[in-house]
Amino acid sequence: MPSLSDQPLIHHLQQFEFKTLTEVPDSHAWPVVNDHPHGDDAVPVIDLACPDAARLIGQACEEWGAFQITGHGVPVDLLDRLEAQTRRLFSLPTGQKLKAARSPGGVTGYGIANISAFFSKLFWSEGFTIVGSPHDEARKLWPDDSAEFCGAIEEYTSWMKPLGCRLMLLMLASLGLSEGEIDWTVPSSETTHEAAAPVIQLNSYPACPDPDRAMGLAEHTDSSLFTVLYQGSVRGLQLLHGNHPTRRARWVTVPPLPGALVVNVGDLSHILSNGRFQSVTHRAIVNRTQTRISVAYFYGPPAHFKISPIEKLIGPQQGPAYRAVTWPEYLTLKRRLYNQALASIRLPTEGEEESRTNTSETITAAYTRRHGEAKV
Ligand SMILES: C=C1C[C@]23C[C@@]1(O)CC[C@H]2[C@@]12CCC[C@@](C)(C(=O)O1)[C@H]2[C@@H]3C(=O)O
Ligand SMILES: O=C(O)CCC(=O)C(=O)O
Ligand SMILES: [Fe+2]
């Protein structure tokens, strides 16, 4: 496993100008990318204006951990500008992009996804992370000309904040909960809800000469409560669906629909709902002819807020399945443990606790039989 430092990632970005490559170098050549059967079942598409939206969202969160939304109100021309500015950013010369390189252990700026550190092969992608205001990072790329980029990001954020609150309330409503039951969702002024600083991740997946041997972004779940993803018109997002004991999970492609946004359930909603909502495993694959871009908006709670399973959702025999964490604590766990982060905060169920006690009683009894009284 490579070191967790970001330094090798920066070297990789310096070394490889994706668009000049005519074959996939060994550093980026993955053994098998299409390693699961593919399904033809389709992720639900939900019109937010539909009176049944909350129920449909709840169902999608339980069965898929994801859905697409229409009727969200975000203007199409804003999505076009967001895409154009994202493409403009990634088309800059590598040397210019590296002026905004994410520092080792840092969060904002240009680089590759943190989870890259857990793989021996590199991803066929570049990313740019913005937390809160885009101005400081954008000025490093365009010292005199960042206004259009910042304008598109800020306008998009101003749509995402209320959309995020609306989706959160619909998800809570689908669980039979009202907004007062989670206090950060209660409006702190007339129009806005308190939330964490917005986190936006711009992704670019350049066209690839041998797409079956390259990986855009390896499988992962997001740490957020949920992520709203704009994926333009180029296919590439895949979800792992149907984690059923009797049937192998399948990769399902989420088809780009004009004007639609994808919503992925993240680990914090999985925790909050005591496992009723599933955080969805997803990845991005690449293609031979088109550079794909995507924009992820990570919706999370305020930094100080402890997320734990909602009491009303914990069955009488059940107990909470996860311990409480703040979003920053969970992000640190994710960085360190990748796809073991959720398991690392899982609490044993009563049955497991009992069998653990029984096992330790059995061990103690066996010890006593062999060695006399245990010295614990
Ligand atoms: C808030 C965040 C979520 C994220 C880590 C980050 O600080 C910004 C980048 C996000 C991202 C995007 C690609 C996949 C992911 C697992 C990663 O390595 O970086 C997510 C992180 C996450 O959800 O934990
Ligand atoms: O590009 C995509 O479709 C997925 C991006 C993603 O999963 C992420 O940024 O977390
Ligand atoms: Fe993701």
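Both ligands and their constituent atoms are indexed starting at 1 by order of listing.
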Go through the steps for Tyr205 and Asn287 under the test side chain to side chain contact (heavy atoms under 4.5 Å, CB included), then give the verdict. CA-CA 8 Å; Tyr205 307 93; Asn287 76 85; over 6 Å; no

Would you please say whether a donor-acceptor pair under 3.5 Å links the side chains of Thr221 and Lys334? yes

What do we get for Arg283 next to ligand 2 when only non-hydrogen atoms under 4.0 Å count, side chain, backbone, both or neither? neither

Which of parallel (below 30°), tilted (30 to 60°) and perpendicular (above 60°) describes Phe149 and Phe128? perpendicular

Please state whether the rings of Tyr299 and Phe226 are parallel, tilted or perpendicular, taking 30° and 60° as the class boundaries. parallel

Do me a favour and list the nearest non-hydrogen protein atom to atom 6 (C) of ligand 2 with residue, atom name and distance? Leu217 CD2, 3.6 Å

At a non-hydrogen distance cut-off of under 4.0 Å, which region of Asn264 contacts ligand 2 (side chain, backbone, both, or neither)? neither

Do any heavy atoms of Gln231 fall under 4.0 Å from ligand 2? no

Report the part of Leu229 in contact with ligand 2, treating N, CA, C, O as backbone and CB onward as side chain, heavy atoms under 4.0 Å; options are side chain, backbone, both, neither. side chain

Can Asn203 and Ser125 be counted as having a side-chain donor-acceptor contact under 3.5 angstrom? no

Exercise: do Thr94 and Glu17 side chains pair donor with acceptor under 3.5 Å: yes

Please report which non-hydrogen protein atom sits nearest to atom 4 (C) of ligand 2, along with the residue it belongs to and the distance in Å to one decimal place. Tyr205 OH, 3.8 Å

closest protein heavy atom to atom 9 (O) of ligand 2 is Asn203 ND2, 3.0 Å

Numbering the atoms of ligand 2 from 1, which are under 4.0 Å from a heavy atom of His282? 7 (O)

Location of contacts on Tyr230 toward ligand 2, heavy atoms closer than 4.0 Å: neither

Charged N to carboxylate O under 4.0 angstrom, Glu155 versus Arg81? yes

Might you list the protein residues in contact with ligand 1, defined as having a heavy atom under 4.0 Å from one of its atoms, sorted by chain and number? Val107, Ala113, Asn114, Ile115, Thr129, Val199, Gln201, His220, Asp222, Ser223, Phe298, Trp327, Leu331, Lys334

Hey, does the side chain of His282 reach the backbone of His220 with a donor-acceptor pair shorter than 3.5 angstrom? yes

Ligand 2 contacted by Arg292 (non-hydrogen, < 4.0 Å): yes

Closer than 4.0 Å to some heavy atom of Ala296 - which atoms of ligand 2 meet that? 9 (O)

For the pair Phe118 and Tyr338, name the ring-plane relationship: parallel under 30°, tilted 30 to 60°, perpendicular over 60°. parallel

Taking the Fe ion (ligand 3) as the vertex, how big is the angle to NE2 in His282 and NE2 in His220, rounded to 10°? 90°

Would you name the N/O/S atom of Asp222 that lies closest to the Fe ion (ligand 3)? OD1

Under a 3.5 Å distance rule, please check whether His72 uses its side chain to pair with a backbone N or O of Gly259 as donor and acceptor. yes

Quick one: do Arg250 and Asp41 make a salt bridge, cutoff under 4.0 Å? no

Criterion side chain to side chain donor-acceptor pair (under 3.5 Å) on Ser294 and Gln231, from CA distance to verdict: CA-CA 4 Å; Ser294 71; Gln231 64 161 340; over 6 Å; no

